[in-house]
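Structure first, commentary second.
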Amino acid sequence: TGFHSYLESLRGKARAMGVRDATMDGLFPTLSLNSRVIRLDQSQPGGSFDAPIPPFEPYRRQHVDAARIRGGKAAWEANRARLSGIERETGVPEAIMVAIFGHETNYGSYTGDFDLLRSLATLAYEGRRRTLFEPEFLAALKMLDEGVPRSRLVGSWAGATGYPQFLPSVYLRVARDGDGDGKADIWTSQADALASIANYFVDAGWRKGQPWGIRVSVPAT
């Protein structure tokens with residue numbers, strides 16, 4: 001009862017975003033609390049702004065392996081023409097786009113199978129991080145209202161979706177049509193996902209010609 005009362009309390013905020021009552025009327029009765037999502041959220045490490053930064057090299061060895069490099073080469077070859085066009089337009093290097101695609105979902109091989117709307121509604125209601133998850137639930141509602149099929153709105157337990165694992169608010173802000181079909185389909189179109197990844201960096205202030213990092217060797221002295 002408390003869960004559904006909470007959903008009803010969000011109608012005003014959703015209407016202010018342009019979400020139709022018909023969309024909410026069709027969705028809200030289908031949602032239920034997901035206790036597994038709450039457990040997963042509560043088991044996350046807290047961390048803090050001054051926590052020690054772990055060494056980069058062990059992370060690199062774990063995440064940049066031969067299989068991921070092979071997959072990256074295949075994804076690069078399959079999207080070669082589009083990637084070069086996106087780089088010319090945005091200044092974001094082709095390698096960066098492909099690397100994010102590979103790291104987030106192993107080139108689309110696993111994107112998660114949680115019902116995004118149920119997960120986000122659960123996390124917003126549970127309240128531990130409501131300031132994060134309530135706006136994301138409303139953004140997912142907006143996606144549904146704008147015609148993204150419910151079947152597409154699946155992903156991680158924490159609300160990330162599609163090949164680049166965007167939160168709903170990020171999708172609404174930066175998702176792009178990369179193949180010219182008039183849709184920003186980050187779930188089945190590699191072209192759209194790569195164009196959206198590039199636009200994510202543009203939105204974040206990417207500067208053409210500047211590296212994201214520089215490898216250095218520090219002497220013992």
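Counting from 1, the numbers follow the sequence of the chain as shown.
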> CG/Leu117 to CG/Leu7 distance, rounded to the nearest 0.5 angstrom?
Replying inline: 10.0 Å

>> Any non-hydrogen side-chain atom of Arg128 less than 4.5 Å from a side-chain atom of Asp41?
In response: yes

> Is the shortest heavy-atom distance from the side chain of Thr161 to the side chain of Thr111 under 4.5 Å?
Replying inline: no

>> Using the rule that Ile, Leu, Val, Met, Phe, Trp and Tyr join whenever any side-chain heavy atoms are under 4.5 Å apart, tell me whether Trp212 and Phe101 fall into a single cluster.
In response: yes

>> side-chain contact (heavy atoms from CB on, under 4.5 Å) for Gln42 and Glu126? Distances and angles first, verdict last.
In response: CA-CA 10 Å; Gln42 291 177 343; Glu126 185 261 349; 3.3 Å; yes

Check residues 25-39 and write down every donor-acceptor pair under 3.5 Å in which the side-chain atom is one partner and the other belongs to a residue at least two apart or another chain.
from  : atom 1 : to     : atom 2 : distance (Å)
Asp25 : OD1    : Arg11  : NH1    : 3.2
Asp25 : OD1    : Arg11  : NH2    : 2.6
Thr30 : OG1    : Leu27  : O      : 2.6
Thr30 : OG1    : Arg150 : NH1    : 3.4
Ser32 : OG     : Arg118 : NE     : 3.2
Ser32 : OG     : Arg118 : NH2    : 3.3
Asn34 : OD1    : Arg36  : N      : 3.0
Asn34 : OD1    : Val37  : N      : 3.3

>> With rounding to the nearest 0.5 angstrom, report the CD1 to CE distance, Ile197 to Met97.
In response: 8.5 Å

> Are Val154 and Phe114 side-chain neighbours, meaning at least one heavy-atom pair lies under 4.5 Å?
Replying inline: no

>> Please give me the minimum heavy-atom distance between Ser169 and Ala139, naming the atom from each residue.
In response: N-CB, 3.6 Å

>> Is it true that, when you exclude Arg60 itself, more than 12 heavy atoms of the residues, nucleotides or ligands shown sit nearer than 6.0 Å to its CZ?
In response: yes

> Do Phe3 and Tyr125 have ring centres separated by under 6.0 Å?
Replying inline: yes

>> Less than 4.5 Å apart, side chain to side chain, heavy atoms only: is that true for Glu136 and Pro168?
In response: yes

> Mind checking whether Tyr110 and Leu153 sit in one hydrophobic cluster, side chains of I, L, V, M, F, W, Y counted as touching below 4.5 Å?
Replying inline: no

>> Give me the atom names and distance for the closest heavy-atom approach of Met143 to Tyr171.
In response: CE-CD2, 3.4 Å

> Which is it for Tyr6 and Glu134 under the side-chain contact (heavy atoms from CB on, under 4.5 Å) test, yes or no, and what are the steps along the way?
Replying inline: CA-CA 11 Å; Tyr6 171 69; Glu134 182 176 286; 2.5 Å; yes

> Given the rule that I, L, V, M, F, W and Y join up when any side-chain heavy atoms are under 4.5 Å apart, are Met17 and Leu10 in one cluster?
Replying inline: yes

>> Between Glu8 and Met24, is the side-chain contact (heavy atoms from CB on, under 4.5 Å) condition met? List the steps.
In response: CA-CA 9 Å; Glu8 288 298 328; Met24 292 181 273; over 6 Å; no

> Are any side-chain N or O atoms of Asn106 and backbone N or O atoms of Ser109, one a donor and one an acceptor, separated by less than 3.5 Å?
Replying inline: no

> Mind checking whether Trp206 and Phe201 have parallel, tilted or perpendicular rings, split at 30° and 60°?
Replying inline: perpendicular

> Is the closest side-chain heavy-atom distance between Val98 and Tyr107 below 4.5 Å?
Replying inline: yes

> Val92 and Ile86: side-chain contact (heavy atoms from CB on, under 4.5 Å), yes or no, with the steps?
Replying inline: CA-CA 8 Å; Val92 179; Ile86 297 168; 6.0 Å; no

>> Distance check, rounded to the nearest 0.5 Å: Ser189 atom OG versus Asp177 atom CG?
In response: 7.5 Å

> Where is the tightest heavy-atom contact between Ile186 and Ser196, given as atom of each residue plus distance?
Replying inline: CG2-OG, 3.7 Å

>> Side-chain heavy atoms under 4.5 Å apart, restricted to Ile/Leu/Val/Met/Phe/Trp/Tyr: what other residues fall into the cluster of Val218, or is it alone?
In response: Ile214, Val216

> Using 4.0 Å as the upper bound for N to carboxylate O, is an ion pair formed by Lys73 and Glu77?
Replying inline: no

>> Rounded at 0.5 Å granularity, tell me how far CZ in Arg15 sits from OG1 in Thr23.
In response: 12.0 Å

> Does atom OH of Tyr200 have more than 12 heavy-atom neighbours from other groups under 6.0 Å away?
Replying inline: no

>> What I'd like to find out is whether the side chain of Asp192 reaches to under 4.5 Å of the side chain of Asp179, using heavy atoms alone.
In response: yes

>> With rounding to the nearest 0.5 angstrom, report the CG to NZ distance, Leu141 to Lys13.
In response: 12.5 Å

>> Taking the side chain as everything from C-beta on, heavy atoms only, tell me whether Arg129 gets closer than 4.5 Å to Leu123.
In response: no

> Taking C-beta and beyond as the side chain, do Glu146 and Leu172 meet within less than 4.5 Å on heavy atoms?
Replying inline: yes

>> Looking at every non-hydrogen atom in both residues, tell me the closest pair between Val148 and Trp187 and how far apart they are.
In response: CG1-CH2, 3.7 Å

>> Distance check, rounded to the nearest 0.5 Å: Leu116 atom CG versus Leu167 atom CG?
In response: 8.5 Å

